[in-house]
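This is the structure I have questions about; it appears just below.
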Amino acid sequence: MAKDFSTREENYSQWYNDLVIRAGLAENSAVRGCMVIKPYGYAIWEKMQAALDKMFKDTGHSNAYFPLFIPKSFFSKEAAHVEGFAKECAVVTHYRLKNAEDGSGVVVDETARLEEELIIRPTSETIIWDTYKNWIQSYRDLPLLINQWANVVRWEMRTRLFLRTTEFLWQEGHTAHATKEEAVEEAFTILKVYTDFAEKWMALPVLTGKKSSNERFAGAIDTYCIEALMQDGKALQAGTSHFLGQNFAKVFDVKFLSKENKLDYVWATSWGVSTRLMGALVMAHSDDRGLVLPPKLAPIQVVIVPIYRKKDQLAQISVHANNIKDALTKKGISVKYDDRDTYKPGWKFSEYEFTGVPIRLAIGPRDLENGTIEVARRDTLEKEVLQMTDIENKVEHLLLQIQENIFQKALSFRDNNTFSVDSWEEFKDVIEHKGGFVLAYWDGTVETELAIKEETKATIRTIPFTHNPEEGKCIYSGKPSNQRVVFAKAY
RNA sequence: CGGGAUGUAGCGCAGCCCGGUAGCGCGCCACGUUCGGGACGUGGAGGCCGCGAGUUCGAAUCUCGCCAUCCCGACCA
């Protein structure tokens, strides 16, 4: 019922922006490119954090915190890493302000110039590896499994709420291992965590695989990723896990003595997901009536709206509403009883629909007479009137059903928008007219990938893990290829 | 950083060509009637018209400069 609100059909990116703002998730701030995450949006992020944090802990990781600032000299040590991030770093050059002599305000005090400039972290590999050097001497100190929740800054040309902001929130894991095998295994463990999180919590089906060298993280040997498909047919990288080899260990001189008393560099991984997941969540499930949230991440899972004329009616309804609220709360379900007198039921219905609350319960005079309650679900917009008896179990069950339905809907959307093509003409046609994931043979060279990107704007999103290679010919160069890779236009 | 557009009430906009001291919708406040899908009536509050110069008796309106934001490209999670 959201009037004056764009539809996906009319203008997908406008729809996304309107949705994020109108649903109270975030807004643009006074600082260019930076957003304010509003309470409702932040509540969703906190639920994501809580779920992921537990998964990290369950796989043996601990949290720690490293500085926001990184000495410039640290940053320039790993060549590929520098190349990858240098163009988008914010730099702190001074540490003091003073009043302008002409009284026009505050100016930088030029006499307070830092001897060594500080970079605001775009990612923390360098400061962390410089620190790990002191923490690791022996194989007994390994593996070192650390995560940090932090903000980072990447000076982007163009920003969009959640999808790409100058400052964003994320978690970054940084681990050190005695062997290459162990480090690779760690990268895969995390990839599995991310996959599970996306599918089970966000109800977002993802493809997993390896990045092409072109899309790989600067400084990594291999980058593994989860990729999701948005409703406009564009792909969104939702998380990455990197096998870093010994690159950072060598640069920061992190060595350990093995059981055999041999000195060797440690093997490393790093991995992260960011507030970008919020964008993925919105774009994957929502519709023209507003947000659709999977119950597991919804700040409010159930809202109860009373319908009444007179105060004494409200009092009667409230008795039932509060009983239901208590019963649901006992089951660990987050419930809001919205008995505000300042808004009408119809207004509330629209509001909770727009903000994606999975289940709405309405109790009115009719229900009081019949011992019933109206149950409306956000994902299908279906309404039914149920007996009030045992409602908490029905609601609990329905939440699970909604979670599953949202996932299945996203999954079938992806299936319906995944195409396998064998010719260049077909490839161009699908990328341009249909979008989605396009599976095609590729000769494995950067040149071909770049040429395809140049002509179609599509990139290799991921190279799927496969145990049974099949022979084919590269759609672009015609050269032999032993597996199909996933192409798409991406966010 | 290139191309395009826009800055007027909390939000969305009109007014600008053709200069005369600011208006509409939503929202907000009060009261009353309403309340099962965004209610209605009556009354009210709220604006250095992005900033700075200039032209003019007079500028939201004309001229010049600046700033900011948004959209489209190149770069990126």
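Numbered from 1 within each chain, the chains take letters A, B, ... in sequence-line order.
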request  = Looking only at side-chain atoms of A:R32, point me to the closest of B:U69, B:A77, B:G36.
outcome  = B:U69

query = Rounded to whole angstrom units, what separation is found between the CH2 atom of A:W347 and the P atom of B:C26?
reply = 16 Å

request  = Using the P atom as the reference point in each nucleotide, state the distance between B:C71 and B:C13 in Å, no decimals.
outcome  =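 That atom pair is separated by 13 Å.
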
Same-atom distance (P) from B:C11 to B:C75, integer angstrom =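 Their P atoms lie roughly 35 Å apart.
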
task = Choose from B:C75, B:G36, B:G37 the nucleotide whose nearest atom is closest to any side-chain atom of A:M157.
result =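 It is B:C75.
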
inquiry  = For B:A39 and A:K344 - does any side-chain N or O of the residue sit under 4.0 Å from the phosphate oxygens OP1/OP2?
reply    = yes

query = Expressed in angstrom and rounded to an integer, what is the separation of A:R366 atom CZ from B:C35 atom C1'?
reply = 13 Å

query = Which nucleotide in the set B:G38, B:C70, B:G36 lies at the smallest distance from any side-chain heavy atom of A:E351?
reply =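 In terms of side-chain proximity for A:E351, the closest of B:G38, B:C70, B:G36 is B:G38.
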
inquiry  = Using a 4.0 Å heavy-atom cut-off, does A:F168 contact any base of the nucleic acid, only the sugar-phosphate backbone, or nothing at all?
reply    =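 Counting heavy atoms under 4.0 Å across all strands, the contact made by A:F168 includes a base.
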
key: A:Q313 CD - B:G36 P separation (whole Å)   =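 The answer, rounded to whole Å, is 12 Å.
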
inquiry  = Just the rounded figure in Å: distance from C1' of B:A77 to CH2 of A:W155.
reply    =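 Answer to the nearest Å: 17 Å.
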
message = Both distances below 3.5 Å, Watson-Crick or wobble geometry, any strand: find the nucleotide opposite B:A9.
response =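 For B:A9, the partner nucleotide comes out as none, under the 3.5 Å rule.
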
inquiry  = Considering every strand and a 4.0 Å limit on heavy-atom distances, what is the contact class for A:T165: base, sugar-phosphate, or nothing?
reply    = base

task = Could you label the plane-to-plane angle of the A:F248 and A:H81 rings as parallel, tilted or perpendicular, counting under 30° as parallel and over 60° as perpendicular?
result = perpendicular

task = Quick one: look up who B:C18 pairs with, Watson-Crick or G-U, both distances under 3.5 Å, and put none if it's unpaired.
result = none

ask   = Parallel, tilted or perpendicular: which describes the rings of A:W271 and A:Y194, with under 30° parallel and over 60° perpendicular?
value = perpendicular

task = Name the orientation class of the two ring planes belonging to A:F243 and A:W267 (parallel below 30°, tilted from 30 to 60°, perpendicular beyond 60°).
result =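 Because their plane-to-plane angle is under 30°, the rings of A:F243 and A:W267 count as parallel.
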
request  = Can you tell me, in whole Å, how much space there is between the P of B:G27 and that of B:C64?
outcome  =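 Nearest-Å result for B:G27 against B:C64 at atom P: 41 Å.
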
ask   = For B:G2, what is the paired nucleotide under Watson-Crick or G-U wobble rules, both distances under 3.5 Å?
value =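 Partner of B:G2: B:C72.
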
message = On RNA chain B, does the nearest nucleotide to A:R160 precede the nearest nucleotide to A:L163 from the 5' side, or the other way round? Give the residue.
response =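 Its nearest nucleotide being more 5', the pick is A:R160.
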
query = A:R154 side chain: which of B:A77, B:G36, B:G38 is closest?
reply =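 Of all the options, the side chain of A:R154 is nearest to B:A77.
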
inquiry  = Using a strict threshold of under 4.0 Å (side-chain N to carboxylate O), is an ion pair present between A:D287 and A:R378?
reply    = yes

Shortest side-chain distance from A:R22, nucleotide among B:C70, B:G38, B:C35 = B:G38

message = Applying the Watson-Crick and G-U wobble criteria at under 3.5 Å, what pairs with B:A39? Answer none if nothing qualifies.
response = B:U33

request  = Rounded off to whole Å, could you give me the CD1-to-P distance for the A:I373 and B:G36 pair?
outcome  = 17 Å

message = As a test of reading the structure: which of B:C70, B:C35, B:G38 is closest to the side chain of A:P345, going by heavy atoms?
response =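 For A:P345, the side-chain atoms sit closest to B:C35.
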
inquiry  = Should the side chain of A:K457 and the base of B:G73 be counted as holding a donor-acceptor pair, with the cut-off at 3.5 Å?
reply    = no

query = In whole Å, what separates the C1' atom of B:C26 from that of B:G38?
reply =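 Between the two C1' atoms, the distance is 12 Å.
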
Among B:C28, B:G37, B:C75, the nucleotide that comes nearest once only the side chain of A:E353 is considered = B:G37

task = Write down the distance separating the P atoms in B:U61 and B:G43, rounded off to the nearest Å.
result =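 Pairwise P distance, B:U61 against B:G43, rounds to 34 Å.
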
Counting only pairs under 3.5 Å, give me each side-chain donor-acceptor contact of residues 381-389 of chain A, with atom names and distances, residues two or more places apart or in other chains.
from, atom 1, to, atom 2, distance (Å)
A:E382, OE1, A:T380, OG1, 3.2

ask   = Of the nucleotides B:C71, B:G38, B:G36, which has the atom closest to the A:N17 side chain?
value =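 Nearest to the side-chain atoms of A:N17, counting from C-beta on, is B:C71.
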
ask   = Start at the 5' end of RNA chain B and walk down; is the nucleotide closest to A:D367 or to A:T275 reached first?
value =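 Nearer the 5' end of the strand: A:D367.
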
ask   = If you draw a 6.0 Å radius around NZ in A:K77, do more than 12 non-hydrogen atoms from other residues or ligands fall strictly inside?
value = yes

key: Nearest-angstrom distance, P atom, B:G73 to B:A9   =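 Here B:G73 and B:A9 have their P atoms 30 Å from each other.
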
Verdict with supporting geometry, A:K38 and A:E27, salt bridge (Lys or Arg N to Asp or Glu O under 4.0 Å) = CA-CA 7 Å; A:K38 297 181 73 176; A:E27 62 188 35; 3.5 Å; yes

request  = Let me know the distance between CD1 of A:I317 and C1' of B:C35, rounded to the nearest Å.
outcome  = 10 Å

request  = Rounded to whole angstrom, note down the C1' distance from B:U21 over to B:A59.
outcome  = 9 Å

request  = May I ask which nucleotide in the shown strands pairs with B:G47, Watson-Crick or G-U wobble, both distances under 3.5 Å?
outcome  = none

Do any N or O atoms of the protein come closer than 3.5 Å to N or O atoms of nucleotides 5-11 of chain B, and which pairs are they?
none

ask   = If you look at every strand shown and take non-hydrogen atoms under 4.0 Å, does A:R360 touch a base, only sugar-phosphate, or nothing?
value =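 Base, at least one base atom sits under 4.0 Å.
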
request  = Starting at atom CD of A:Q14, determine the distance to atom P of B:U69, rounded to an integer number of angstrom.
outcome  = 18 Å

query = Under a 3.5 Å cut-off for both distances, is B:G52 Watson-Crick or wobble paired, and to whom?
reply =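 Its partner is B:C64 (Watson-Crick or G-U wobble, both distances under 3.5 Å).
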
message = Tell me whether A:R22 forms a cation-pi arrangement with A:F354, defined as NZ or CZ under 6.0 Å from the six-membered ring centre and within 45 degrees of its axis.
response = yes

ask   = With the threshold set at 4.0 Å, does a side-chain nitrogen-carboxylate oxygen contact exist between A:K310 and A:D312?
value =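 No, this pair does not count.
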
query = For A:Y12 and A:N17, does a side-chain donor sit closer than 3.5 Å to a side-chain acceptor?
reply =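 Side chains of A:Y12 and A:N17: no pair found under 3.5 Å.
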
ask   = In whole Å, what separates the P atom of B:A39 from that of B:A22?
value =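 Each nucleotide's P atom is 34 Å from the other's.
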
query = Are A:Y352 and A:K336 close enough that a side-chain donor and a side-chain acceptor fall under 3.5 Å?
reply = yes

message = Base, sugar-phosphate or nothing for A:E156? Non-hydrogen atoms, less than 4.0 Å.
response =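 Touches a base.
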
inquiry  = Base, sugar-phosphate or nothing for A:K383? Non-hydrogen atoms, less than 4.0 Å.
reply    =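 The answer is base, as A:K383 lies within the cut-off (heavy atoms under 4.0 Å) of a base atom.
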
